[in-house]
4 protein chains.
Amino acid sequence: MPPREISVRTDLALEAHQLAQRSTPNIPGVTTDVDAQEQLTVTRVVVKTESAARLLGKMQGTYTTIEVPDLRRKDPELQELVTKRFALELEPFIRVPERATVLVIGLGNWNVTPDALGPLVVEDLFVTRHLFSLMPEVVNDGFRSLCAVAPGVLGLTGIETSEIVYGIAERVKPDLVIAVDALAARSIERVNSTIQIADSGIQPGAGVGNRRKALNQDTLGVPVIAVGVPTVLDAATIASDAIDLLLSHLEDKVPGNGAGKILNQFSHEEKRTLISEVLQPLGNNLMVTPKEIDEFVEDVAHMVAMGLNMALHPGMTYDDAMTLTH
Amino acid sequence: MPPREISVRTDLALEAHQLAQRSTPNIPGVTTDVDAQEQLTVTRVVVKTESAARLLGKMQGTYTTIEVPDLRRKDPELQELVTKRFALELEPFIRVPERATVLVIGLGNWNVTPDALGPLVVEDLFVTRHLFSLMPEVVNDGFRSLCAVAPGVLGLTGIETSEIVYGIAERVKPDLVIAVDALAARSIERVNSTIQIADSGIQPGAGVGNRRKALNQDTLGVPVIAVGVPTVLDAATIASDAIDLLLSHLEDKVPGNGAGKILNQFSHEEKRTLISEVLQPLGNNLMVTPKEIDEFVEDVAHMVAMGLNMALHPGMTYDDAMTLTH
Amino acid sequence: MPPREISVRTDLALEAHQLAQRSTPNIPGVTTDVDAQEQLTVTRVVVKTESAARLLGKMQGTYTTIEVPDLRRKDPELQELVTKRFALELEPFIRVPERATVLVIGLGNWNVTPDALGPLVVEDLFVTRHLFSLMPEVVNDGFRSLCAVAPGVLGLTGIETSEIVYGIAERVKPDLVIAVDALAARSIERVNSTIQIADSGIQPGAGVGNRRKALNQDTLGVPVIAVGVPTVLDAATIASDAIDLLLSHLEDKVPGNGAGKILNQFSHEEKRTLISEVLQPLGNNLMVTPKEIDEFVEDVAHMVAMGLNMALHPGMTYDDAMTLTH
Amino acid sequence: MPPREISVRTDLALEAHQLAQRSTPNIPGVTTDVDAQEQLTVTRVVVKTESAARLLGKMQGTYTTIEVPDLRRKDPELQELVTKRFALELEPFIRVPERATVLVIGLGNWNVTPDALGPLVVEDLFVTRHLFSLMPEVVNDGFRSLCAVAPGVLGLTGIETSEIVYGIAERVKPDLVIAVDALAARSIERVNSTIQIADSGIQPGAGVGNRRKALNQDTLGVPVIAVGVPTVLDAATIASDAIDLLLSHLEDKVPGNGAGKILNQFSHEEKRTLISEVLQPLGNNLMVTPKEIDEFVEDVAHMVAMGLNMALHPGMTYDDAMTLTH
């Protein structure tokens with residue numbers, strides 16, 4: 001049967017890989033590595049070649065994904081487990097000396113709940129860069145120089161986010177940039193239950209809103225780690241899933257006869273047209289989120305900030321982070 | 001072909017009627033009345049008999065719906081037009097003398113943006129009940145005695161919303177209660193562009209959350225007007241629409257042959273099963289909203305509060321309302 | 001020298017007693033009990049007679065005050081110590097059986113930061129009353145039936161707070177009511193560093209705003225515990241302190257001569273006039289708060305909610321409360 | 001009698017001038033110009049010489065102050081009057097061509113209500129810079145290229161505000177910068193009722209928080225207009241006023257005798273000591289604000305944003321601004 005998937009948007013390399021595999025079972029230039037634990041699964045996808053990158057629609061680089069199906073339940077022990085694992089997975093991405101300065105960029109629009117992850121993380125971080133001159137005795141031991149900014153979105157500032165970040169980076173001269181952003185997932189069960197870490201930076205057009213120019217080593221001159229959590233689902237996903245499911249269902253019903261032929265003829269184009277008809281008149285402006293998104297985004301922002309604090313400040317334990325993360 | 005619609009939830013009587021009409025073209029006991037203007041359409045649906053009420057899943061009563069396709073564009077002239085028309089349509093529902101006391105109940109959860117309509121309206125109202133004793137000279141002329149409460153939701157208070165409302169109503173002894181609530185629509189284009197006024201009160205289970213006991217003349221002893229705006233879409237709607245569209249599409253493709261038969265056999269039950277499979281694992285916990293829901297809910301809450309202020313305070317002009325609505 | 005103190009407002013019985021003692025060293029009908037620890041001091045003031053109540057301007061009853069000079073520093077170990085001690089001090093006030101229903105009332109205006117303590121505590125509580133019918137297996141062991149409401153203020157609702165509380169209490173029929181409110185202190189060092197527990201309920205006119213009718217055993221028919229934290233200082237306090245200090249200073253300078261006489265003639269009335277002249281034109285509408293009031297109110301609301309959760313739910317440990325307090 | 005005033009902080013040049021005049025009646029190098037209307041008074045203070053600047057503690061430049069005693073009453077007609085006058089007074093400060101790009105900087109901490117003026121103004125502005133490339137037909141006529149950023153405060157970002165502004169300005173290359181900030185006033189009646197416009201930029205240490213490096217023509221290379229509204233009062237002001245008033249009072253009481261001598265000996269140093277003793281232990285961390293500060297700051301931020309929109313976009317009328325200001 002020909003592949004039915006059309007380009008429903010996902011910001012997760014893990015999902016992009018799974019979708020691509022449906023039509024191309026063994027994609028050359030991609031390696032994956034899975035560590036499945038009882039409560040969480042960590043998958044590392046490495047996109048090694050330019051052609052693999054094109055096929056997946058993801059830049060070359062390493063993508064670590066932590067999936068925690070029960071993360072939406074507010075279980076503090078699980079939150080501790082996830083926070084610590086996130087800090088641990090983050091560490092190999094941070095290839096800068098202890099004396100380095102790290103700039104965290106919280107992307108997104110603080111006025112739109114599912115897009116507010118980045119700004120919320122920035123508010124929660126334990127920033128220290130200013131303390132190295134003001135109170136060196138407090139930070140000299142065990143702290144990296146950390147600063148953080150939420151640059152807002154184009155519609156709020158009139159300035160491309162990338163321009164603001166370039167301008168600040170030129171003054172601050174960080175050794176490493178970490179960009180935190182809300183993502184869109186392809187799969188319902190990954191919304192609000194997944195954290196992705198990537199060393200490829202942020203590409204144009206990714207994320208919930210539109211942020212044009214790239215934030216990566218090419219544009220900033222230093223490594224850029226992207227940390228993201230899917231907080232919304234593309235509405236097209238639901239329509240697409242319904243169509244796929246119905247088509248399989250009908251095929252099962254009439255395995256040996258003419259209907260199979262009809263379905264085979266049902267093209268990508270037709271599916272795309274159907275989906276956009278279903279989503280009229282709001283189209284891309286629709287988002288699908290769980291009802292408790294307000295509460296969840298705050299919780300996961302806190303976990304991400306905790307993990308960043310722990311991974312960036314070498315002397316900070318989980319208990320310290322509980323205290324010093326706002 | 002047998003009807004395909006399954007019970008996707010809608011809180012709009014207008015939509016419930018349209019859906020029911022697909023299978024039962026002329027429903028006895030329901031009258032409708034349409035006033036289509038250039039920028040808005042006002043429809044009055046009157047559910048007159050118990051059997052019609054059962055068929056539509058809506059209580060007997062009068063439902064006035066103002067549909068404004070362009071309401072999501074923030075056009076202040078259109079907002080003024082809608083506010084004034086809403087106030088005008090509200091007036092025949094308010095069958096109490098000028099000296100009456102009106103209690104507005106803002107239902108919903110202020111922490112969840114699309115459910116916050118009711119509490120936001122309550123914050124915006126020009127309440128006057130306390131001024132009749134404290135500063136009678138300010139309110140004696142042209143103002144009704146107005147008070148307003150947002151009782152919260154069960155998960156926040158541990159108390160049924162209806163219990164809180166009954167308790168307050170027993171002390172305040174209003175002559176009229178108006179309950180304001182966020183609704184779910186069946187149709188994407190009605191989300192955030194429709195206001196419904198009904199004289200049937202609020203029924204158990206309606207609204208975005210779950211609020212158990214009815215607020216109506218039976219339980220409160222005085223007329224209860226319900227004012228609602230759909231702010232979310234049931235996620236099942238998207239799956240259901242996609243399935244319907246695909247089925248019609250396939251039928252068109254193979255009009256004269258066996259596929260038609262297969263599709264005829266595709267039952268309500270199968271469709272329901274497909275939809276719930278698509279929406280796993282988040283199911284009813286998913287909501288579909290436009291991205292700018294935060295901004296929209298504030299705007300529409302302001303319009304509803306303006307219209308309530310104008311309709312309830314007989315001496316209040318649009319300009320007065322602009323001043324006195326918070 | 002005659003007493004110089006005029007009636008600068010304090011909601012703390014401890015301060016009212018200290019002020020009264022300046023003119024009447026041993027006030028009959030009042031007993032005090034002090035437990036001074038390293039980081040906190042717990043004082044119990046019992047007002048036993050009607051005449052003592054009149055002299056102090058506080059109702060008869062028991063007032064426990066926990067003073068924690070360093071509470072404004074965000075030290076999590078100290079916060080834990082204070083939370084546990086608060087829960088401990090609260091327990092003897094809760095003289096109801098385990099099967100009892102407790103209603104917490106969060107007084108104050110959520111739109112005004114220093115007055116938002118009560119509503120914030122209510123949002124943080126672990127309410128359970130509804131679970132006893134919905135999920136009895138979750139709550140049957142170790143939980144009391146707890147419900148909570150923030151009734152708003154007169155200017156927002158048009159309804160006396162007391163009317164709303166009476167109405168809800170009539171439906172909920174609690175065995176105990178706990179009213180949480182922001183207070184005004186007389187002394188700068190007690191702002192944001194003190195928690196008061198009282199068994200005398202809430203009197204008209206207390207608190208930051210104006211809430212008219214009493215919430216106490218007389219009006220509600222069940223015991224009413226008041227829990228309060230001073231979040232503001234009366235601006236008159238600063239003027240009054242400055243005047244007192246200057247007068248002592250001048251007396252010291254000219255101990256043996258005519259100036260003493262002048263100062264003796266400086267009456268309460270003159271001082272009151274001076275103060276109100278200083279505070280013109282904003283007078284009583286001024287509040288004095290520390291700059292970080294926003295952050296502090298959230299922190300202390302969390303501690304109070306934690307303590308209430310621990311004291312009210314017998315099976316709840318500190319760790320449970322960390323998890324279940326929002 | 002020697003001058004009694006000590007350096008109580010004010011950010012208003014008008015007040016600094018009035019205070020300085022108490023000891024130096026005719027200050028050379030300062031001109032003032034008053035236009036007293038029924039509801040508002042506009043005063044222009046020009047500080048022309050370096051020595052006058054030192055005496056006043058204000059940079060050389062022009063300071064226009066609009067005082068509106070009734071601004072705290074929410075009268076929409078007065079708000080319209082003030083908004084229009086503010087736009088009018090702003091215009092002569094804006095000495096750039098219509099094709100120029102203007103960058104507005106909203107200084108202050110959005111988490112602290114009285115310090116949130118700048119960020120709130122930024123959220124309300126009608127930014128257009130991005131539209132000149134995306135939708136030129138919308139903005140080509142009557143709009144200037146406007147962009148706006150709220151850079152946060154040092155404690156939130158770890159980066160000096162000035163560094164962030166310099167970095168952004170280097171990318172955006174504005175022709176004019178306007179910095180909006182909350183101020184501290186010396187006089188109670190000017191809090192929340194005054195707008196100051198200055199062409200001298202922002203100096204180190206001004207404003208409610210501490211922002212170190214200057215934003216002015218020297219550092220940014222383009223003109224910098226500062227727009228400020230006093231939202232707090234220095235708590236020392238109240239103590240200082242009380243002391244002054246008491247001293248005058250005592251002098252009046254004993255005009256001809258030894259007390260006068262005592263009072264003359266009461267030095268600046270002694271007063272400063274007294275004040276800091278009164279304000280212990282919170283000292284400079286105390287702020288004095290009206291109770292309705294939350295509501296007021298939102299209102300005045302809206303007026304300032306309206307006026308900026310009108311003055312910066314030449315084709316924008318008051319009605320346009322009502323529509324386009326968020």
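Chain A is the first sequence line, chain B the second, and so forth, proteins listed ahead of strands; every chain is numbered from 1.
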Student: Which value, rounded to the nearest 0.5 Å, describes the distance between D/L176 atom CG and D/R144 atom CZ?
Tutor: 8.0 Å
Student: Let me know if A/L103 has heavy atoms under 4.5 Å from chain D in its side chain, its backbone, both or neither.
Tutor: side chain
Student: About how many Å separate OH of A/Y166 and CD1 of D/I168, when rounded to the nearest 0.5 Å?
Tutor: 14.0 Å
Student: Side chain, backbone, both or neither: which part of A/T128 has an atom under 4.5 Å from a heavy atom of chain D?
Tutor: neither
Student: Compute whether any side-chain donor of one residue and acceptor of the other, for D/D11 and D/Q196, lie under 3.5 angstrom apart.
Tutor: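 There is no such pair (donor and acceptor under 3.5 Å, judged by atom type) between the side chains of D/D11 and D/Q196.
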Student: Chain A heavy atoms under 4.5 Å from D/E170: which part of the residue, side chain, backbone, both or neither?
Tutor: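 For D/E170, the side chain is the part near chain A, not the backbone.
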Student: Evaluate the ring planes of D/F126 and D/F143, with Trp represented by its six-membered ring, and classify them as parallel (under 30°), tilted (30 to 60°) or perpendicular (over 60°).
Tutor: tilted
